[in-house]
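Contents: one structure, followed by commentary.
The basis for the numbers below is simple: all heavy atoms, side chains too, and nothing from hydrogens, waters or symmetry mates. Naming: A, B, ... by sequence-line order, numbering from 1 per chain.
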Amino acid sequence: MGTVVEFLKPHLLPLLWAVVIVAVLPLVAGYIVLLERKVMADIQARLGPMRVGPHGLLQPIADALKLLLKEDIIPANADKWIFWIAPLISVTAAMLALSAMPFGPVFQIADLNVGLLFIVAVSSLGIFGIVLGGWSSNSHYALLGALRSAAQVVSYEVAVGLALVSGLLLAGTLSMRKIVEAQAEQGIWFVFLAPVGFFIYLVAGIAELNRAPFDLPEAESELVAGYMTEYSGFRWALYFLGEYTAMLVVGGIGTTLFLGGWLRPFPNVAAFDFLDYLPAVFFLALTGYCFYRTPKQPVPIQKAVLGLFGLLCLSFAAVLGWAATLPAEAAARGGILGAFWFLAKVLLFLYSFMWFRFTFPRYRFDQLMRLGWHFLIPVSLVNVMGVGAALVLHRQAGWPLWQGLVLGTVATLAVAAWLVLVRSRRPVAAPPAGEEV
Amino acid sequence: MPEHYIPIFIFAVLAAAFPAITLIIFQYIRPAMRAVGAKLEPYECGIPPEGDARGRYSVRFYIVAILFVIFDVEVIFLFPWAVQYGVLGLYGLVTMFVFLGILLIGYVWLYRSGALEWIYE
């Protein structure tokens, strides 16, 4: 026992974050589901869950309890052990990718020097969970949905990799922490230096997650629920947990590489130091709104829950306000404020994923594959070449960096426009009768 | 830095154990599965399922997977080049252009020969 403690002592802080993530992530994923339902309702001009807690705040807890207590049906002739293990693979791969994610300068389980490669590699292991789940379910729909899902993820993996390479050229390192520090040094978020790379990453990331408008493999009107058809109760909840954790991972990578990670806007400019108080002000506003709505709730229990939620927001505001008053070098200040900015940017990603889901019509599967292979791959290749050329022109020939990058961006957009025009002249093939797979 | 991987390994064990333990614990709390009627049959929109689900499926999935392997290896070669780009300079750029050019020729051949189409005409 003593040797185990000695062995673990230098890793106590990362282990604390590990335990916090494993404990908190299911709850957070549940509340992201609630957020999605509220955003869906807002875009569809209705209110969403309002009854279970004030404004639906206790809905995730009710849902989790229901799913845990549902009857666990395993179809006949299903491969029992693979059926059991497939959701676990999906969840574990997605959660493992969170281990190298820099939630702030302090909140990171492990700052690997190959962090970005590790995250991309581990999150790709989630495909095993999808394919094994579909195969073991002994259902036609499940198998086809799983294969389509896997083909889609695999097709957009190339585009994601190339978009990340264009960001890496600017960062010069794979370590997540050093990528953010490179953005702090250069004083600019990489999204402004490589915007095409960012948009390719956004689109390909949504396709990787099997989310609308690329969600044909799991849309209800198409293949029932694809690979999740035969999963009910808590196993379905695990697949969903895996999917929402993967959303956090994609948002986290995009935030770190393109949106400046835990840096606040204008990190080095002293004139914007008042932005350090923005987190506290935001939570104070949220608290005020909670206390304003508390007396208007119909039932005392709703009032109590909303009041408690308001107190929670007040405590966040207090912590963030205290952190902003610390001297600039204190680790707690950078850590707490950085965590707020990182999570705010990831939330921005999540909100845009949900916005796209409820705005755009669904892609047909062959249109989806065409987008991935015929459009995104050549455009992202040209983008990588463009950013590389711009950097060499800046470093060897002394051009200003923005000139070279503008040139690269224009060239990439020209290639993209040419591809679109070339495509539009060709008639799109309709599937031969009865052959669509 | 192998010591960084110890917290990751422990985290992996925790992350795998959490759903497993939850499933096992709640197996004793939730109602037992009663195989009544069509509950055990795979769902096929209300009609009785036909044939074995482990039947045949299209070869397109295999082709997509093979093409993915080729392009993914190309992307993997780009990662260390991108990280060391600061010291490679113009020589690195030209070399990588040659590499990408060869693969681009292959990609254009695939494009024009129709291997990237999901629906064959």
**Complete:** Nearest heavy-atom approach of Pro7(B) to Ile109(A) is CB-CG2, 4.0 Å
**Asked** Does the pair Val64(B) and Trp373(A) meet the rule for a side chain to side chain contact (heavy atoms under 4.5 Å, CB included), with working shown?
**Response** CA-CA 10 Å; Val64(B) 162; Trp373(A) 287 102; 4.3 Å; yes
**Message:** What residues of residues 65-74 of chain B make heavy-atom contacts with chain A at a cutoff under 4.5 angstrom?
**Reply:** Leu67(B), Phe68(B), Phe71(B), Asp72(B), Glu74(B)
**Asked** Which heavy atom in Thr92(A) sits nearest to a heavy atom in Ala15(B), and how many Å separate them?
**Response** OG1-O, 4.1 Å
**Request:** Identify, with sequence neighbours excluded, every residue that meets side-chain hydrogen bond (donor to acceptor under 3.5 Å, both in side chains) alongside Ser166(A).
**Result:** Asn383(A)
**chain A-proximal positions within residues 19-27 of chain B [heavy-atom distance under 4.5 Å]** = Pro19(B), Ala20(B), Thr22(B), Leu23(B), Ile24(B), Phe26(B)
**Request:** Measure distances from Leu14(B) to the heavy atoms of chain A and classify the residue's part below 4.5 Å as side chain, backbone, both or neither.
**Result:** both
**Prompt:** Would you say Trp81(B) and Val384(A) make side-chain contact, with heavy atoms under 4.5 Å?
**Reply:** yes
**Request:** Tell me, with the steps shown, if Phe61(B) and Arg148(A) meet side chain to side chain contact (heavy atoms under 4.5 Å, CB included).
**Result:** CA-CA 8 Å; Phe61(B) 297 108; Arg148(A) 279 199 190 180; 4.1 Å; yes
**Item:** Heavy-atom side-chain proximity of Leu112(A) to Ile8(B) below 4.5 angstrom
**Value:** yes
**Message:** Donor-acceptor check, side chain of Arg30(B) to backbone of Lys70(A), threshold 3.5 angstrom: yes or no?
**Reply:** yes
**Asked** Are Arg395(A) and Tyr85(B) close enough that some pair of their side-chain heavy atoms sits under 4.5 Å apart?
**Response** yes
**Request:** Using heavy atoms and a sub-4.5 Å threshold, report which of residues 99-106 of chain B line up against chain A, by residue number.
**Result:** Leu100(B), Leu104(B)
**Fill in**
Bottom line for Leu90(B): the part with an atom under 4.5 Å from chain A's heavy atoms is both
**Prompt:** Are Phe18(B) and Leu241(A) close enough that some pair of their side-chain heavy atoms sits under 4.5 Å apart?
**Reply:** yes
**Item:** Residue Leu93(B) versus chain A: region with a heavy atom under 4.5 Å
**Value:** side chain
**Asked** Going through the distances and angles, do Glu117(B) and His374(A) end up as a side chain to side chain contact (heavy atoms under 4.5 Å, CB included)?
**Response** CA-CA 9 Å; Glu117(B) 298 281 344; His374(A) 288 223; 3.3 Å; yes
**Request:** Assess whether atom CZ of Phe97(B) is packed by more than 12 heavy atoms of other residues, nucleotides or ligands within 6.0 Å.
**Result:** yes
**Message:** Report which part of Gln396(A) has an atom under 4.5 Å of a heavy atom belonging to chain B: side chain, backbone, both, or neither.
**Reply:** side chain
**Request:** State, to 0.1 Å, how close Phe11(B) and Ile21(A) come at their nearest heavy-atom pair, and which atoms those are.
**Result:** CZ-CG2, 3.9 Å
**Rounded distance [0.5 Å steps], CD1 in Ile6(B) versus CG in Leu15(A)** = 9.5 Å
